[in-house]
Amino acid sequence: MNLPNGKKNKSGGFQTGADVLEDLSIRGFEIASYLLEWRKISKLKSTYSDSLMLHINNVTGRVHTSFNLAGTSTGRLSSSDPNLQNIPIRDTEGKKIREAFIAKEGAKLLSLDYNQIELRLLAHIADVKGLKNAFKNNIDIHSSTASQIFKVNLNDVDALLRRKAKAINFGIIYGISAFGLSKNLKITRTEAQEFIDNYFKQFPEIRDYMNTTVETAKTTGFVTTLFNRKIHLPNIGTKGPLGGFAERAAINAPIQGSASDIIKRAMIKIHEFLKSSELDADLLLQVHDELIFETNNETIDEIKKRASEIMEQATLPYLDLNVPLKVEGGHGINWSVAH
DNA sequence: AGTGCAGGCCAC
DNA sequence: AAACGTGGCCTGCACT
């Protein structure tokens, strides 16, 4: 179509992913933006609108998922038939899907989610002073990070600096590379490498954590969560791309895995609490760092208070974190409002 | 008609 | 050699 040539995929065709189309669109090729729009709408229609209808149970009138308790390497749950852990939330069209999930008459949906649990656990596990201080003082973590790595006052952190710091914070949890960060932020690899160097200069404990974690994994073949659950890494230490994937998984697994241990402990404690109380509430869903309840209108505030407290204290008595866990909540007539 | 893979894209 | 972690579902296509 006389479009500029892009990269080939392994089948020999041109890549047409969203990042490629976005670039073409910016460069004035209108067809790319139309295709992006069509892809977005058809994704919502086929995967969510059409499919969820077919999953409505004709006895209960509800959609019921299946949770797989042993389907991930890190200890997370997974959800299927339908997957209710990837319901859209980000853009306005997607939010309309969430609005379709409504509470029964006389009740509301209550969503309680852990604020930045993975970065908090990284701060604890790697004993990162710069991160721990920010969390203890309740400062927005991405702004705080931007302030520290770009050497500006907290008040002078603008949206762009915060966005960059946020991308780095996420990248760190995943086992960052200059290549990945540059692609994500649409900057050069040199710039990305400078960001990463600055980051490690401000938070040297994180570099130490990454190095020792990968070394341990190479020696033992596994890493562990804060609750001593093992995660095996059969490809660690091998040559080639698989070895690289295993190293990044080794860095990520203790963080993601510990977070999943914690929310599972919270779910058990909340179940026991609800069973022993007279409160009218049901735990409907878990979405990795979030629990969604359906609660009687009169008991929302009580459930919110008690369940949040259980979630925040869920590591006890086995483990006392040196960073506070924080739970935020919202409620409403549908899932979009609740979140 | 069923199976499997690749590419793409939704969530945390 | 690939290039940021964990998943599941959809379409299109090749294959049996």
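All figures in this text were calculated on a predicted structure; none of them were measured in a lab.
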* Structure fact -> Residues in residues 55-68 of chain A with a heavy atom under 4.0 Å of DNA chain B, by number, are none
* To do: Tell me what A:Ser182 touches on the nucleic acid: a base, only sugar-phosphate, or nothing, going by heavy atoms under 4.0 Å.
  => nothing
* Taking ILVMFWY side chains as joined if any heavy atoms are under 4.5 angstrom apart, and letting links pass through other members, which residues group with A:Ile236? -> A:Val223, A:Ile231, A:Leu233
* A:Asp23/A:Arg27 ion pair, N-O < 4.0 Å -> yes
* Any chance you could pull the hydrophobic cluster mates of A:Ile89, using side-chain heavy atoms under 4.5 angstrom and chaining through other members? => none
* With a 4.0 Å heavy-atom cut-off, tell me which residues in residues 324-339 of chain A come close to DNA chain C, sorted by residue number. => none
* **A:Arg207 side-chain N/O to A:Lys201 backbone N/O, donor-acceptor pair under 3.5 Å** => no
* May I have the distance from A:Tyr174 (atom OH) to B:dC12 (atom P), rounded to whole angstrom? => 10 Å
* Quickly work out the A:Glu37 CD to B:dC9 C1' distance and round it to whole Å. => 15 Å
* Under 4.0 Å from any atom of DNA chain B, heavy atoms only: list the residues of residues 39-51 of chain A that qualify, in numerical order. => A:Arg39, A:Lys43, A:Tyr48
* **Rounded interatomic separation in angstrom, taking CD from A:Gln286 and C1' from B:dC12** => 10 Å
* Results of side chain to side chain contact (heavy atoms under 4.5 Å, CB included) for A:Phe203 - residues two or more places apart only -> A:Val128, A:Leu131, A:Thr145, A:Gln148, A:Ile149, A:Tyr199, A:Glu205, A:Ile206
* Asked: Taking atom C1' in both C:dA1 and B:dG8, what distance in whole Å separates the two?
  -> 23 Å
* Where along residues 69-90 of chain A does a heavy atom come under 4.0 Å from DNA chain B, residue by residue in number order? -> A:Arg76, A:Gln85, A:Asn86, A:Ile87, A:Pro88, A:Ile89, A:Arg90
* Asked: Atom CZ of A:Phe170 to atom P of C:dT6: distance rounded to whole Å?
  -> 16 Å
* **Given A:Lys40, A:Lys45, A:Lys43, the one that forms salt bridge (charged side-chain N to carboxylate O under 4.0 Å, His left out) with A:Glu93** => A:Lys40
* Structure fact -> Residue set satisfying side-chain hydrogen bond (donor to acceptor under 3.5 Å, both in side chains) with A:Thr212, at least two apart, ordered chain then number -> none
* Nucleic acid contacts of residues 230-265 of chain A, taken as heavy-atom distances under 4.0 Å to DNA chain C -> A:Pro241, A:Phe245, A:Arg248, A:Ala249, A:Asn252, A:Gln256
* Tell me, which of residues 207-229 of chain A have any heavy atom that sits under 4.0 Å from an atom in DNA chain C? -> none
* What nucleic acid atoms does A:Ala18 come within less than 4.0 Å of, heavy atoms only: base, sugar-phosphate, or nothing? -> sugar-phosphate
* Output all residues satisfying side chain to side chain contact (heavy atoms under 4.5 Å, CB included) with A:Lys95, sequence neighbours left out; order by chain, then residue number. => A:Ser336
* Euclidean distance, atom CG of residue A:Asp289 to atom C1' of C:dG5 [Å, nearest integer] -> 14 Å
* To do: Please list, by residue number, the residues of residues 184-202 of chain A whose heavy atoms come closer than 4.0 Å to an atom of DNA chain C; answer none if no residue qualifies.
  => A:Asn184, A:Arg189
* Taking only side-chain nitrogens and oxygens of A:Thr16, does any of them come within less than 4.0 Å of OP1 or OP2 of B:dG7? -> no
